[in-house]
Amino acid sequence: MCYNVGMYIRTPTRKNKDGTKVQYVQLAHNYRDPETKTPKAKVLYSFGRREDVDVEALKRLVKSICRFLEPEDAKEATEELGEDWPFEYLGSKQVGAAWLLDEMWEKFGIGKVLEKLLKKRKYRLPIERLLFAMIANRALEPKSKLGIEAWVKDSYFINELPEVEVHQLYQAMDFLLEAEEEIQKEVFFQVAHLFN
């Protein structure tokens, strides 16, 4: 669904009987009059006289609107107000496909099996998450171990694994090879039970 919101701030001026001018600040939008077929302004909200407007309230409104803009556009909008943008855009990561795989990983009980086997070995690294990252990478965008390091850091969000170092992936592979038979057996019974 797409919305075309043509709102803007307008500042109409009214002349008093004594010749002085008063300017008002209004939030308006244009619409096409169905009878005359000409564009007309409709006032949505009047902020009052220009000299009485709560500028801080307007700035809060702008910041509130900025939550729905792209980071670069929001920063530009607040800079025009002469304000420092309180956030720094660092980047974004894809999440959907990795999240789906993570849910399947848990549904099949693979995470639980690995955690159970890892308790005996007392690793300090998040081996289960490292193994999941390698599997997710293989399924979504196959890369080398070195490529996975950058893939996790820059491209895909892996839950509870903000970044990876290559040597950690090799340690996770060592565990996988060492516990291969146990993992296959445990995962088989998890899946056999799941599908009855």
Side-chain angles (χ1 to χ4, degrees), residues 1-7 60-79 84-196:
M1 185 175 285
C2 180
Y3 295 97
N4 183 8
V5 183
M7 288 189 282
R60 287 192 300 274
L61 176 62
V62 170
K63 287 179 182 177
S64 174
I65 292 169
C66 284
R67 291 184 301 159
F68 298 96
L69 300 177
E70 292 296 321
E72 295 84 8
D73 295 335
K75 183 177 180 187
E76 183 180 324
T78 54
E79 282 175 349
D84 291 329
W85 178 239
F87 306 103
E88 181 182 351
Y89 178 69
L90 300 176
S92 63
K93 294 182 178 183
Q94 296 182 52
V95 70
W99 178 83
L100 176 66
L101 290 173
D102 209 359
E103 289 296 305
M104 291 173 62
W105 181 266
E106 290 307 312
K107 183 83 170 165
F108 293 144
I110 299 169
K112 288 179 186 171
V113 167
L114 293 173
E115 291 297 337
K116 178 181 160 188
L117 296 172
L118 284 162
K119 280 183 184 175
K120 301 175 191 175
R121 292 165 173 85
K122 298 181 180 172
Y123 278 93
R124 291 183 181 169
L125 294 174
I127 299 293
E128 182 269 339
R129 293 285 77 199
L130 292 164
L131 290 172
F132 172 74
M134 287 190 280
I135 297 295
N137 175 261
R138 182 64 52 194
L140 301 173
E141 206 175 296
K143 298 193 177 301
S144 66
K145 302 288 180 290
L146 190 59
I148 293 174
E149 185 176 30
W151 184 77
V152 169
K153 183 180 177 196
D154 302 325
S155 300
Y156 269 86
F157 174 78
I158 304 295
N159 193 28
E160 297 179 23
L161 192 70
E163 54 186 32
V164 169
E165 293 179 19
V166 174
H167 69 89
Q168 295 173 329
L169 296 172
Y170 284 112
Q171 287 183 345
M173 288 294 297
D174 289 343
F175 162 74
L176 188 62
L177 293 171
E178 175 190 323
E180 181 180 7
E181 285 184 34
E182 291 175 273
I183 293 170
Q184 286 181 25
K185 181 180 167 185
E186 292 281 343
V187 170
F188 171 79
F189 285 116
Q190 288 279 354
V191 175
H193 175 70
L194 179 68
F195 293 116
N196 197 13

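Within a 6.0 Å sphere centred on CD of Glu70, other residues, nucleotides and ligands contribute 12 heavy atoms or fewer.
Residue pairs meeting the ring pair (Phe, Tyr, Trp, His ring centres under 6.0 Å) criterion with at least one partner in residues 154-173, sequence neighbours excluded, are Trp151-Tyr156. The salt bridge (charged side-chain N to carboxylate O under 4.0 Å, His left out) pairs that include a residue from residues 156-166 number zero, where partners must be two or more places apart or lie in different chains.
Residues passing the salt bridge (Lys or Arg N to Asp or Glu O under 4.0 Å) test with Glu149, sequence neighbours excluded: none. Residues passing the side chain to side chain donor-acceptor pair (under 3.5 Å) test with Gln184 are Glu180, sequence neighbours excluded. In this structure, Lys93 has no side chain to side chain donor-acceptor pair (under 3.5 Å) partners at least two apart in sequence or on a different chain. With sequence neighbours excluded, the residues that form a ring pair (Phe, Tyr, Trp, His ring centres under 6.0 Å) with Tyr123 are Phe175. Residues satisfying the side chain to side chain donor-acceptor pair (under 3.5 Å) test with Glu106, not counting sequence neighbours, are none. Annotation: salt bridge (Lys or Arg N to Asp or Glu O under 4.0 Å) contacts of Lys153 (sequence neighbours excluded): none. Listed by chain and residue number, Leu117, Glu182 satisfy the side chain to side chain contact (heavy atoms under 4.5 Å, CB included) test with Lys120 (two or more places apart in sequence, or in another chain). Residues passing the salt bridge (Lys or Arg N to Asp or Glu O under 4.0 Å) test with Lys185, sequence neighbours excluded: none. Qualifying salt bridge (Lys or Arg N to Asp or Glu O under 4.0 Å) partners for Glu178, counting only residues two or more places apart in sequence or in other chains: Arg121.
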Going by atom type alone, with no hydrogens or angles, which donor-acceptor pairs under 3.5 Å involve a side-chain atom of residues 125-142 and a protein atom two or more places apart or on another chain?
from: Glu128; atom 1: OE2; to: Trp105; atom 2: NE1; distance (Å): 2.6
from: Arg129; atom 1: NH1; to: Asp102; atom 2: OD2; distance (Å): 3.0
from: Arg129; atom 1: NH1; to: Asn159; atom 2: O; distance (Å): 3.1
from: Arg129; atom 1: NH2; to: Asp102; atom 2: OD1; distance (Å): 2.9
from: Asn137; atom 1: OD1; to: Lys143; atom 2: N; distance (Å): 2.9
from: Asn137; atom 1: ND2; to: Glu141; atom 2: O; distance (Å): 2.9
from: Glu141; atom 1: OE2; to: Lys143; atom 2: NZ; distance (Å): 3.4

